[in-house]
Amino acid sequence: EDLELKREENINKKENFILGILGVIGVALLGILAYILAGIAGYYVWAIPAFLTAMASTVYKRLAGKISIISSFVIFILLAISLFIATFLEYAWRLYSIYKEEYIVTFIEVLKEAPQIILEVPDIKSAFTRDLLINGGILILGFIITFISAYKAEDRFTKIKRIDDNKM
């Protein structure tokens, strides 16, 4: 009876996709800021993707009402984009810190040139690529955990329904 009640609650609960995604975007923006600030301060920024995945999933589930397999893919894409932006901005800030010592430049000027510098300077390119791969790996691991949780939640109710269908 308890499983039946939970199944009915899940079926009747609507997923507010737009509100959930807005929450994830908010978490992603905070994650970008946290990543940049931690990187500037010289702290371990690779822990940010794990935090982002957990927070984004939690915020989405609270705001949307439930999390589905499709929404977990959308969350992953948004977080991947935000981590790329955060990594790029952190490197742009590091470049700005270096260049402002020798030249009179603004952050915006360095930001415009940062893609070219990152791609052309081998040491910077390899460090940037390494950070992206590590961040991506942590994000993928978090996504797998989120995806499995969403799948199990949907699959559990599907199995209950199949059992009910077999009784009739």
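If you're wondering where the values come from, they're calculated on a predicted model, not measured in any experiment.
For S71 (side chain) and I67 (main-chain N/O), no donor-acceptor pair under 3.5 Å exists by modelled atom type.
Aromatic ring orientation, F76 versus F143: tilted (interplanar angle from 30° to 60°). In this pair, Y91 and F128 present their aromatic rings perpendicular. The plane angle is above 60°, beyond the 30 to 60° band.
Pairing each heavy atom of A56 with each of I75, the nearest pair is CB-CG2, 3.9 Å. Contact detail for V110 and A92: the closest heavy-atom pair is CG1-O, 3.7 Å.
Y96 OH to I108 CD1: the interatomic distance, rounded to the nearest 0.5 Å, is 10.0 Å. Once rounded to the nearest 0.5 Å, the distance linking OH of Y60 with NZ of K66 reads 9.5 Å. If you take OG on S82 and CG on L30, they are separated by 10.5 Å, rounding to the nearest 0.5 Å.
Using a 4.5 Å heavy-atom threshold, the side chains of L89 and L111 count as touching. Side-chain contact check for V27 versus L52: some heavy-atom pair is nearer than 4.5 Å. In this structure the side chain of L78 reaches within 4.5 angstrom of the side chain of I21, judged on heavy atoms. Looking at heavy atoms from C-beta onward, T53 lies out of side-chain contact with I145 at the 4.5 angstrom threshold.
For the side chain to side chain contact (heavy atoms under 4.5 Å, CB included) with V59, the lone residue among M55, R62, K61 that qualifies is M55.
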